[in-house]
Protein chains: 2
Amino acid sequence: MLPEEKDTINQLTKAPIESLNLHSITVVTNLYRAAQGLRNKMEREVLAKHGLSWTSFSILYDLWIWDSVETKKLALSAGVSKATISNITNTLERKELCYRKVDNRDRRITCVVLTDKGRKVMEELYPKFHEGEVEVVSSLSIEEQKVISSLLRRVIRENDF
Amino acid sequence: MLPEEKDTINQLTKAPIESLNLHSITVVTNLYRAAQGLRNKMEREVLAKHGLSWTSFSILYDLWIWDSVETKKLALSAGVSKATISNITNTLERKELCYRKVDNRDRRITCVVLTDKGRKVMEELYPKFHEGEVEVVSSLSIEEQKVISSLLRRVIRENDF
DNA sequence: TCATAATCGTTAGCATTGAAATGATATTAA
DNA sequence: TTAATATCATTTCAATGCTAACGATTATGA
């Protein structure tokens, strides 16, 4: 559903107009569409060269910043399940971009650690990714960027996202 | 990467601070996090009962509004590839929520049509989905909802998302 | 102590996703 | 007309993603 097409719901839905909160619909539709477009653009223009998905990249990013991260924290950070982290870690390990390391104090916990190769990939990829970030929001002024970040953060905080 | 943690990049990255546009990073991070949280919430609280993913639901929604839609338009609307539409249509067909119909004028084109059962599912599901939409943005005032929609729409338009 | 519960990562099974290859149909050009 | 090209949808294959089940480990409490 293209955003502008969504307006036609009033004419076509049996539900009375007054029972629909049109502003909520618009926010949600535009929010998801922008995020989806962002992800597609980054995967296509930046990440495809190294065969990385958005989630794979976000995990590598965490490892780049923190060197070693528990799988549970990776899942929380990326907003995916632990099972997904397990699968993606397998793929990244196969590419020799990271490796697993069992915690000595609590052997239930597994940490994921960045390899030198993984660090090199991030040092090459991150600047390009950042270029993409800048480009995507370049139509907004700094002030508008602050406003939208603040509003998004409110949504995130109030929903425990 | 949690939003608040992203701030630490300045201390940890080798790149000079002045070469990073921190506002862009914040917008992109919060945008994707909010959208991911939104999707997870809806799939968990509303769509799981009928075994539908976000994309499946958005396709059903298009069909609900338009009755019959070409697969190409469905892909454009949902922001996924035609292959994905083909697979999801298979699943929805298996559930008898829609069926394919080859175009008579151009037999390369396939339209997807909503069944009565599909319409009933949407009539049951959409009100609950809409409740979720309202809930997610309820921490923002109407005026703030208008602002964020407007800014998101600018991003969408400028990037051809 | 030692049985029970809680926590953690992985696995199994299934649906989703995209790139690339394929097949079917339509259009174009010679 | 007919061969080449273009445009569709589908299939194939590998990766992503979730839930539920599982096994291993640690914590708790009688």
Side-chain angles (χ1 to χ4, degrees), chain A residues 35-37 39-60 68-95 97-113, chain B residues 32 35-37 39-60 69-95 97-113:
Chain A
Q36 179 84 321
R39 175 174 176 147
N40 286 344
K41 174 195 168 77
M42 292 303 199
E43 291 186 339
R44 195 176 53 242
E45 297 179 3
V46 179
L47 306 179
K49 264 167 271 186
H50 284 79
L52 294 172
S53 66
W54 176 281
T55 309
S56 300
F57 179 80
S58 87
I59 290 172
L60 276 184
S68 170
V69 183
E70 297 173 28
T71 59
K72 191 180 181 179
K73 286 187 180 176
L74 288 175
L76 183 64
S77 169
V80 297
S81 71
K82 288 183 300 174
T84 296
I85 296 297
S86 194
N87 286 328
I88 292 186
T89 301
N90 286 335
T91 303
L92 294 177
E93 246 182 4
R94 217 178 304 128
K95 293 182 178 178
L97 302 180
C98 69
Y99 62 92
R100 286 173 165 87
K101 183 171 165 54
V102 175
D103 191 302
N104 285 329
R105 295 182 302 264
D106 185 343
R107 300 182 56 77
R108 290 172 304 182
I109 296 174
T110 299
C111 282
V112 184
V113 188
Chain B
Y32 195 79
Q36 177 84 322
R39 175 174 177 148
N40 287 343
K41 174 195 169 77
M42 293 303 199
E43 291 186 338
R44 195 176 53 242
E45 298 180 3
V46 179
L47 306 179
K49 264 167 271 186
H50 283 79
L52 294 171
S53 66
W54 176 280
T55 309
S56 301
F57 178 79
S58 87
I59 289 173
L60 276 185
V69 184
E70 296 174 29
T71 59
K72 193 180 181 179
K73 286 187 180 177
L74 287 175
L76 182 65
S77 169
V80 298
S81 71
K82 286 184 299 174
T84 296
I85 297 297
S86 194
N87 286 325
I88 290 187
T89 301
N90 286 335
T91 302
L92 293 178
E93 246 183 4
R94 218 178 303 128
K95 295 181 177 176
L97 302 180
C98 70
Y99 61 91
R100 288 173 164 87
K101 182 170 165 54
V102 174
D103 190 301
N104 284 329
R105 295 181 301 264
D106 185 342
R107 300 183 55 77
R108 292 172 302 182
I109 296 175
T110 298
C111 283
V112 184
V113 188

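The model shown is predicted, which means the values in this text are computed figures rather than measured ones. Chain A is the first sequence line, chain B the second, and so forth, proteins listed ahead of strands; every chain is numbered from 1.
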For B:Lys95 and for A:Arg44, locate the closest nucleotide of DNA chain C by heavy-atom distance; then report the residue assigned to the nucleotide nearer the 5' terminus.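 On the 5' side of the pair lies B:Lys95.
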
Could you check which of D:dA9, D:dA6, C:dT10 has an atom nearest any side-chain atom of B:Lys82?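 Per side-chain heavy atoms of B:Lys82, the pick is D:dA9.
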
Heavy atoms from C-beta onward define the side chain here; which of D:dT16, C:dG9, D:dC18 lies closest to that of A:Ala83?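 Nucleotide nearest to A:Ala83's side chain: D:dC18.
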
For B:Thr110 and B:Lys72, what are the C-alpha separation, side-chain angles and deciding distance, and is it a side-chain contact (heavy atoms from CB on, under 4.5 Å)? CA-CA 9 Å; B:Thr110 298; B:Lys72 193 180 181 179; over 6 Å; no

[X] near the nucleic acid: base, sugar-phosphate alone, or nothing, with a heavy-atom cut-off under 4.0 Å?
{"X": "A:Ile85", "result": "nothing"}
{"X": "B:Arg94", "result": "sugar-phosphate"}
{"X": "B:Ser81", "result": "base"}
{"X": "B:Asp106", "result": "sugar-phosphate"}
{"X": "B:Arg39", "result": "sugar-phosphate"}
{"X": "A:Thr91", "result": "sugar-phosphate"}

With a 4.0 Å limit, can you tell me whether [X] has a side-chain N or O closer than that to the phosphate oxygens OP1/OP2 of [N]?
{"X": "A:Thr71", "N": "C:dG9", "answer": "yes"}
{"X": "A:Ser53", "N": "D:dA15", "answer": "no"}
{"X": "A:Ser56", "N": "D:dA15", "answer": "no"}
{"X": "B:Lys72", "N": "D:dA9", "answer": "no"}
{"X": "A:Ser86", "N": "C:dG9", "answer": "no"}

Assign each of B:Thr89 and A:Asp103 to its nearest nucleotide of DNA chain D by heavy atoms, then name whichever residue's nucleotide is nearer the 5' end.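 Of the two residues, B:Thr89 wins.
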
Atom [atom1] of [X] and atom [atom2] of [N]: how far apart are they, to the nearest Å?
{"X": "B:Asn87", "N": "C:dA20", "atom1": "CG", "atom2": "P", "result": "17 Å"}
{"X": "A:Arg107", "N": "C:dA6", "atom1": "CZ", "atom2": "P", "result": "24 Å"}
{"X": "A:His50", "N": "D:dA14", "atom1": "NE2", "atom2": "P", "result": "22 Å"}
{"X": "A:Ile88", "N": "D:dA15", "atom1": "CD1", "atom2": "P", "result": "12 Å"}
{"X": "B:Leu52", "N": "C:dA15", "atom1": "CG", "atom2": "C1'", "result": "12 Å"}
{"X": "A:Arg105", "N": "C:dT7", "atom1": "CZ", "atom2": "C1'", "result": "16 Å"}
{"X": "B:Asn90", "N": "D:dT11", "atom1": "CG", "atom2": "P", "result": "6 Å"}
{"X": "B:Glu70", "N": "D:dA9", "atom1": "CD", "atom2": "C1'", "result": "12 Å"}

Would you find a donor on one side and an acceptor on the other, under 3.5 Å apart, between the side chain of A:Ser86 and the backbone of A:Lys82?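 Side chain of A:Ser86 to backbone of A:Lys82, a donor-acceptor pair under 3.5 Å: no, none is there.
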
Side-chain donor/acceptor of A:Ser58 to backbone N/O of A:Thr55, under 3.5 Å: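 Looks like yes, one N/O pair under 3.5 Å.
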
Test item: B:Lys95 and B:Leu52 side chains (from C-beta on) under 4.5 Å apart, heavy atoms: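 They are in contact (side-chain heavy atoms under 4.5 Å apart), so the answer is yes.
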
Check whether more than 12 heavy atoms from other residues, nucleotides or ligands sit under 6.0 Å from atom CZ of A:Arg100, and answer yes or no.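 It does: A:Arg100 CZ has more than 12 such atoms within range.
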
For A:Phe57 versus A:Leu47, what's the shortest heavy-atom pair and its separation?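 Minimum heavy-atom contact is CD1-CD2, 3.5 Å.
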
